[in-house]
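Notes to accompany the following structure.
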Amino acid sequence: SAVISQKPSRDICQRGTSLTIQCQVDSQVTMMFWYRQQPGQSLTLIATANQGSEATYESGFVIDKFPISRPNLTFSTLTVSNMSPEDSSIYLCSALSPSRDRGRLGYEQYFGPGTRLTVT
Amino acid sequence: AQSVTQLGSHVSVSEGALVLLRCNYSSSVPPYLFWYVQYPNQGLQLLLKYTTGATLVKGINGFEAEFKKSETSFHLTKPSAHMSDAAEYFCAVEGGTSYGKLTFGQGTILTVHP
């Protein structure tokens with residue numbers, strides 16, 4: 001299993017500023033992801049955080065707005081740049097960790113507790 | 001591409017009653033299917049998943065789900081609701097080359113009445 005922590009747990013920021021969210025996993029994982037959960041909506045994948053290379057962004061998300069770093073196999077950051085009220089969301093980090101399912105080696109996806117961001 | 005539809009954004013049941021949360025998916029390849037639960041102010045917790053093999057999957061807290069390919073469904077059930085089951089439930093699908101990338105449904109908020 002994997003235990004994921006995020007910092008900060010919540011923040012209130014002014015428009016035009018940037019916030020960096022940290023995600024720490026307690027074990028080495030192959031893949032890490034960042035999701036956004038806007039108020040009253042479901043989770044949407046922002047990007048895959050690749051270790052040692054540029055993140056892979058989903059449609060509608062760009063590196064200039066959401067730069068991501070992943071310097072090693074246990075840590076990643078997501079920056080929300082030049083924030084506007086529309087960026088008010090919960091941002092969640094997730095990671096794939098190996099698991100055994102009925103004797104077969106597979107993986108399981110674990111989620112962090114989320115960072116609740118409010119932009120005023 | 002894949003998508004997930006959860007029928008009913010809110011479901012209300014009495015304690016001890018059957019819980020049924022509906023999920024339909026679309027996927028161009030054999031999917032992996034998941035149910036997650038989110039308690040207030042907490043992260044997502046995996047309830048159960050279907051990858052291959054037996055279509056009836058048992059999860060934690062007495063929940064189970066059945067993968068029905070012909071109906072493209074993966075409904076979540078629990079025979080007897082408990083007050084502690086009150087939470088938001090998300091169905092998700094992962095398919096094809098989207099290794100680890102989940103597409104989530106819009107979520108269903110379950111309320112349990114005494």
- Quick one: what part of A:Q6 sits under 4.5 Å from any heavy atom of chain B, side chain, backbone, both or neither? neither
- Note on the structure: Honestly, the part of A:L96 sitting under 4.5 Å from a heavy atom of chain B is side chain
- Ring geometry between B:F34 and B:Y32 (parallel below 30°, tilted from 30 to 60°, perpendicular above 60°): perpendicular
- Taking it one step at a time, do A:F66 and A:F61 satisfy ring-ring contact (aromatic ring centres under 6.0 Å, His included)? CA-CA 7 Å; A:F66 297 103; A:F61 297 96; 5.6 Å; yes
- Query: At a heavy-atom separation under 4.5 Å, does B:Q6 approach chain A through its side chain, its backbone, both, or neither?
  - Reply: neither
- Counting heavy-atom pairs under 4.5 angstrom with chain A, the leader among B:G105, B:G107, B:A92 is B:G105
- Task: Pick whichever of A:Q109, A:E58, A:R116 has the most heavy-atom pairs under 4.5 Å with chain B.
- Result: A:Q109
- Should the ring pair A:F111 and B:Y36 be called parallel, tilted or perpendicular, given that the plane angle runs from 0 to 90° and is split at 30 and 60? perpendicular
- Go through the atoms of A:Y35 and report whether side chain, backbone, both or neither lie under 4.5 Å from a heavy atom of chain B. side chain
- Is chain B contacted by the side chain of A:T44, its backbone, both, or neither, given a heavy-atom distance below 4.5 Å? neither
- Task: Sort B:L44 into side chain, backbone, both or neither according to what part of it lies under 4.5 angstrom from a heavy atom of chain A.
- Result: both
- Message: Looking at A:D87 and A:R15, is there a salt bridge between them, counting it only when a charged N and a carboxylate O are closer than 4.0 Å?
- Response: no
- Message: Do B:V11 and B:L48 land in one hydrophobic cluster if side-chain heavy atoms of ILVMFWY residues count as linked below 4.5 Å?
- Response: yes
- Item | Any donor-acceptor pair under 3.5 Å from B:W35 side chain to B:F74 backbone | yes
